Structures are given as structure tokens and as C-alpha cells.
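A short write-up of the structure that comes next.
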Amino acid sequence: MSLVTDEIRASATEFYTGNEMCQEKSKFLLTEVGLPNGLLPMQDMLECGYVKDTGFVWLKSKKKTQHKFEKIGRSVQYATEVTAYVEPNKINKLTGVKAKELLMWLTLTEITVDDPPTGKIHFKTPTGLSRTFPVSAFELDVPKKDVKEEVKEEVKEVRAAAVAPVEVKEVSAAVAPVEVKEV
């Protein structure tokens with residue numbers, strides 16, 4: 001049974017379909033609320049949405065996704081539907097995400113990042129177990145060539161603006177004489 005109803009979809013502030021758009025928007029939302037952008041690496045996403053008033057977020061994919069965060073050596077499993085409530089530096093009431101601890105898959109229900117930032121991220125289960133890892137283990141590197149291309153585009157725009165003709169209009173105004181008194 002899906003937690004995302006037609007009523008929730010209708011109240012969504014943001015609603016997107018298609019894998020590419022959902023990948024981009026989910027990463028953007030994570031960074032907006034102060035969480036690492038690689039936290040939800042789901043594949044083959046069908047739709048995602050966000051209800052800004054309540055903080056409710058959902059991600060739907062074609063099939064379960066299993067991902068290993070190489071920097072910490074942990075496997076995480078994402079169901080076809082992941083839901084949560086987001087607020088600054090925190091994900092609450094998380095559903096559809098399990099992490100492997102030793103030989104067991106544990107359901108995760110809360111993720112928080114320290115404020116002020118200490119570089120640590122905390123994961124909690126409904127039973128009260130928790131683990132802390134470095135935030136950097138869940139951050140995706142922005143490809144350097146994309147950044148360079150963006151800078152080149154900005155430089156081109158600035159140069160184009162600098163050589164663009166400027167129209168100067170003369171404005172004549174009546175100026176009243178000013179009296180200067182010595183004290």
C-alpha cells in the first residue's frame with residue numbers, strides 16, 4: 001500500500017516525474033535542508049514530490065535499489081517507495097530505507113546532521129540503535145569539468161556585457177544658483 005495518495009500529490013508544492021529530473025531535484029532538496037546530496041542514491045525513479053507546508057517528501061522507483069557507500073563500507077537498501085518529513089539538518093519518520101549491520105537489515109527512521117556542523121551524520125532505528133559516520137561519506141563530488149564549463153559560460157557572458165554598446169542620454173536640468181554664506 002502506497003503512503004502517497006492522490007490528495008498528497010495534489011497538495012505537493014513540487015512534483016516531478018522521470019529519473020533524470022527526480023535525481024536532480026532530490027539532490028537539490030537534500031542540500032537545501034543541509035544534508036549530503038548523495039544520501040538517497042535511488043535508481044530508475046518514476047516520481048518524486050515535496051509538500052513544503054508539512055515537509056513531506058516522497059521518492060518512487062521502478063524497483064528496489066541496493067547501494068554500498070564505499071567510504072564507510074555499508075550497504076543500504078531503498079524500497080520502491082521512500083517517504084520522509086524533512087526539516088533543516090534532519091529527516092524524520094523515514095520509511096523504505098534499511099541499512100545492513102553485521103548480518104541484519106535494520107530499518108532507519110531518522111537521519112540528522114549536527115548543527116553547528118561537526119562533520120558528523122547520525123542514523124537512528126525505531127529500536128533506539130544509532131550509528132554516526134562522517135558526512136563526507138555521503139556527499140557526491142560535483143564533476144570538475146561541469147564547474148569549469150559553468151565558469152567559462154559566465155566569463156563569456158561578462159565579456160559580452162562589457163563590449164555591448166551602451167546608450168547614453170543627455171539629461172538637462174535647470175539648476176538653481178546656490179548661495180554660500182561665510183560664518
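In this text, all values refer to a predicted model and were calculated from it rather than measured experimentally. When a residue number appears, it is its place in the shown sequence, counting from 1.
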E47 with R9: basic N within carboxylate O range, under 4.0 Å: yes

Atom pair NZ/OG of K120 and S136 - distance to nearest 0.5 Å: 8.5 Å

K71 atom NZ, neighbour heavy-atom count above 12 within 6.0 Å: yes

Distance-only polar pair, side chains of H122 and T132, donor-acceptor under 3.5 Å: yes

Separation between NZ of K100 and CG of L102, rounded to the nearest 0.5 Å: 9.5 Å

Atom of L94, atom of A84 and distance for their closest heavy-atom approach: CD1-CB, 3.9 Å

E87 and Y85: CA distance, side-chain angles, deciding distance, side-chain contact (heavy atoms from CB on, under 4.5 Å) verdict: CA-CA 7 Å; E87 57 187 73; Y85 287 88; over 6 Å; no

Heavy-atom side-chain contact between E110 and F123 under 4.5 Å: no

Single hit among V135, I91, V76 for side-chain contact (heavy atoms from CB on, under 4.5 Å) with L39: I91

Pairwise distance CG(L35) to OG1(T112) - rounded to 0.5 angstrom: 9.0 Å

Value rounded to 0.5 Å, distance of CD in Q43 from NE2 in H67: 8.5 Å

Gap separating the CH2 atom of W58 from the SG atom of C22, nearest 0.5 angstrom: 10.0 Å

Close side-chain approach of S75 and W105, heavy atoms under 4.5 Å: yes

hydrophobic_cluster_shared for L46 and V4, side chain cutoff 4.5 Å: no

Nearest atoms (heavy-atom pairs only) where M45 meets N19: N-OD1, 3.0 Å

pair I121-P36: side-chain heavy atoms closer than 4.5 Å: yes

Backbone of K98 reached by a side-chain donor or acceptor of T107 within 3.5 Å: no

Donor-acceptor contact present, side-chain T118 to main-chain D114, <3.5 Å: no

Side-chain touch K27/L140, heavy atoms, less than 4.5 angstrom: yes

ring-ring contact (aromatic ring centres under 6.0 Å, His included) between F69 and F138, intermediate numbers included: CA-CA 7 Å; F69 289 97; F138 303 93; 4.7 Å; yes

Path from L29 to L108 over hydrophobic side-chain contacts below 4.5 Å: yes

Side-chain (Q23) to main-chain (M42) donor-acceptor, under 3.5 angstrom: yes

Minimum heavy-atom distance D53-T13, with the two atoms named: N-OG1, 4.5 Å

Within one Ile-Leu-Val-Met-Phe-Trp-Tyr cluster: V82 and L106, side-chain cutoff 4.5 Å: no

Nearest-0.5 Å distance, OH of residue Y16 to NZ of residue K25: 4.0 Å

Donor on one side chain, acceptor on other, N37 and E139, under 3.5 Å: no

Verify same cluster id: L59, V51 (apolar side-chain graph, 4.5 Å): no

Any V33 side-chain heavy atom under 4.5 Å of P88 side chain: no

Polar side-chain atom of D44 near backbone of S61 as donor-acceptor pair, under 3.5 Å: no

E101/R74 ion pair, N-O < 4.0 Å: yes

ILVMFWY cluster, I111 and I72 together (side-chain gap under 4.5 Å): yes

